[in-house]
2 protein chains.
Amino acid sequence: MEEFVRGERSRQVLEAVILEYIRNGVPAGSRAIAKRYGLNVSPATVRNVMADLEELGLLYQPHTSAGRVPTELGLRVYIDSILKIQQLSVADRARIRQSYRGRVERMEGLLKETSRVLSSFSKQAGVVLTPRLSQTVFKRIEFVRMRSNVIMTILVSQAGTVHNTILGIEEPISQEDLDKYSRYLNDMLQDLTLLQMKERLLEEMKKEKVLFDRLVSKALELSQKALQTNIEESELYIDGRTNLLDNPEFTDVEQMRRIFAAFEEKSRIIGLLDKSLAAGGVNILIGSESEVRDMESVSLITSAYTSGDEILGTLGVIGPTRMDYSRIIPLVDYTAKLVSEMIEDVF
Amino acid sequence: MEEFVRGERSRQVLEAVILEYIRNGVPAGSRAIAKRYGLNVSPATVRNVMADLEELGLLYQPHTSAGRVPTELGLRVYIDSILKIQQLSVADRARIRQSYRGRVERMEGLLKETSRVLSSFSKQAGVVLTPRLSQTVFKRIEFVRMRSNVIMTILVSQAGTVHNTILGIEEPISQEDLDKYSRYLNDMLQDLTLLQMKERLLEEMKKEKVLFDRLVSKALELSQKALQTNIEESELYIDGRTNLLDNPEFTDVEQMRRIFAAFEEKSRIIGLLDKSLAAGGVNILIGSESEVRDMESVSLITSAYTSGDEILGTLGVIGPTRMDYSRIIPLVDYTAKLVSEMIEDVF
DNA sequence: TTCTAGCACTCGATAGGGATGAGTGCTAAT
DNA sequence: ATTAGCACTCATCCCTATCGAGTGCTAGAA
């Protein structure tokens with residue numbers, strides 16, 4: 001990106017416009033920039049530089065007599081090559097840790113609390129994508145007989161998530177038999193991911209002896225069924241949508257409506273977060289870079305959280321493109337690390 | 001309420017104002033009322049009646065030269081003594097049933113889908129309060145050893161809900177022992193509600209022989225712990241918040257902000273829905289009747305859903321006080337019955 | 001060259017001032 | 001008891017004038 005911004009002054013002006021815009025939400029004028037930000041040049045000079053930056057597509061003028069506003073490209077350049085990411089202050093870290101006190105008993109609670117933490121510290125919306133079932137490591141399976149031909153299967157992952165399904169079956173099975181099945185399966189499937197588990201089950205079912213062992217074949221059949229239901233699914237926790245309403249640029253009700261609609265249709269956002277799953281570190285999508293309808297006017301800052309080497313899910317912050325990246329990037333980064341740490345500790 | 005509205009004409013005018021207001025969202029004038037609604041009287045007469053109704057506190061005039069709008073009291077009178085609640089059409093019923101196709105496998109899914117159904121058929125926000133854990137009937141408990149001194153307890157209710165907790169323990173326990181515990185407990189606690197279960201456990205723990213039976217005492221202790229964590233808690237599903245943004249009276253961003261904030265702080269709404277748990281049939285709270293901060297400008301139409309005699313939870317619709325009660329009341333009523341029916345069938 | 005001072009110009013935002021029209025209350029006539 | 005008529009009120013819309021922040025450009029200084 002260096003090729004874009006030649007010269008120290010250009011970089012300073014770009015930064016100043018962005019900071020000013022992030023602070024006030026209104027286009028920044030040359031006078032204000034020259035006065036603050038100690039450039040020691042006249043407004044006229046700043047104007048010239050601004051004109052250059054506009055030609056490069058980094059700034060943009062809403063109308064002739066207005067100040068300048070950064071474009072998405074401008075923000076991208078700023079984030080990639082100007083912004084120095086600081087560490088979160090010790091006090092902030094402590095306050096974040098504090099928020100989790102006594103709420104990490106269950107995986108679900110931990111992740112919900114995380115979305116709350118992200119939103120309250122960023123003053124934007126916090127999002128957390130739960131681990132995909134398919135890639136969690138299997139810990140245990142249980143069958144519970146609900147009625148004569150309805151049973152519930154319960155899957156527990158090593159990370160402490162629980163997933164249950166109701167199955168209808170043709171012929172009644174006693175709870176004793178179900179217990180036998182689960183004991184058999186628990187032995188067989190230890191330490192596999194659900195995806196591996198699925199394969200393993202298919203393998204086993206092919207083996208000839210299985211055909212003659214009623215217990216085994218039945219057990220395999222049941223667990224097969226249990227896995228059929230959407231193990232690719234993730235859940236999404238969102239908190240602090242209301243914070244978005246506080247941003248002055250969203251006084252436009254119609255635009256706000258569209259963003260909120262996108263929040264309700266969670267699958268769109270899940271797809272978005274899924275994209276940044278694989279990438280390490282903090283991931284930033286500015287405005288239309290996300291390529292998700294109705295999300296053109298917001299930015300997304302995400303990071304994956306892990307357990308050991310395993311990537312579990314993504315968490316992050318959604319806010320207007322004009323949010324305070326310098327504060328929120330370290331926030332997301334730290335939170336992801338903290339969550340990873342807590343998951344490893346607890347589960 | 002009869003004492004308020006003397007005379008057929010008064011009632012007709014009140015109804016007309018309300019219908020007009022519900023339809024258009026703007027104050028209704030005397031001319032329009034006289035013209036439609038076949039009253040066969042002049043606008044001047046209507047004005048006189050309106051003046052009377054205003055004195056009674058049923059109507060209200062935003063400003064001198066505006067039409068009339070119903071007050072909360074006016075709506076209350078209308079709902080209690082004028083509105084005739086119709087049945088939902090056969091077509092609507094069919095469409096609602098249709099929405100559930102293949103999504104009632106799990107309790108959770110059923111209830112989430114219900115909030116979706118309520119919001120999409122009402123064009124307002126749909127809410128569903130899940131059954132309280134404490135009053136669900138116990139079906140089964142399982143212990144899973146996660147690490148040497150961390151175990152997970154899983155509770156399954158007869159209605160097919162699953163609840164899990166992570167427990168730290170002092171001395172390691174093997175999975176074999178845990179299995180013994182759960183077998184013992186499952187036998188003892190069959191068919192109790194969790195609340196009864198809690199009592200029963202305390203009783204058992206007092207018995208002298210328990211003190212000398214290590215297995216038993218350990219099992220009781222664990223299940224005790226598992227039940228300590230918030231069994232009074234309910235969850236809340238909300239869907240279709242965005243629909244509220246479509247209502248013209250909410251162009252006021254500030255008010256909208258407050259309502260959305262209330263949605264995020266779910267405990268407030270849970271408290272509200274809890275109130276109407278006990279009452280049978282459809283429950284209606286108009287505006288400030290709810291006595292919940294920030295919810296003064298919305299109405300709430302709810303009904304409890306049940307399984308057998310047991311009241312499980314509440315479901316309903318939240319919308320502006322000016323929503324179409326005649327459509328939504330039967331919708332909520334039917335949905336509650338349908339959900340009850342499905343729960344009984346499936347679980 | 002590079003920077004700066006000065007100046008004319010643009011254009012959004014704000015405030016004031018009719019004009020419009022929906023709707024009322026009151027009075028007098030039916 | 002009902003209605004027609006009329007004066008009156010008040011929100012809404014639209015037009016205009018003013019204001020001011022900010023620009024672009026040009027000519028002169030460093």
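If you're wondering where the values come from, they're calculated on a predicted model, not measured in any experiment.
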Just checking A/Y325 against A/Y78, ring centres under 6.0 Å apart? no
Does the distance from a Lys or Arg side-chain N to an Asp or Glu carboxylate O, for A/K123 and A/D246, drop under 4.0 Å? no
I want to check something: taking the side chain as every heavy atom from C-beta on, are B/L118 and B/D239 in contact at a cut-off of under 4.5 Å? no
Decide yes or no for B/L331 and B/I96: does some side-chain heavy atom of the first lie under 4.5 Å from some side-chain heavy atom of the second? yes
Side chain of B/T45, heavy atoms from C-beta onward: which of D/dG5, D/dT2, D/dC25 has the nearest atom to it? D/dT2
Find out whether A/V127 and A/V317 are in side-chain contact, i.e. whether some heavy atom of one side chain is under 4.5 Å from a heavy atom of the other. no
Write down the distance between CG (B/N40) and P (D/dT3), rounded to a whole number of angstrom. 9 Å
To the nearest 0.5 Å, what is the distance between CD (A/E72) and CD (A/E289)? 6.0 Å
Under 4.0 Å from any heavy atom of chain A: name the first and the last nucleotide of DNA chain C that qualifies, 5' to 3'. C/dC3 to C/dG12
Reading DNA chain D from 5' onward, which residue's closest nucleotide shows up sooner: A/S65 or B/H63? B/H63
In whole Å, I'd like the distance from the CZ atom of B/R9 to the P atom of D/dT3. 7 Å
Rounded to the nearest angstrom, tell me the gap between atom CD1 in A/I33 and atom C1' in D/dA21. 14 Å
Atom-pair distance (CZ on B/R68; P on D/dT9), nearest Å: 17 Å
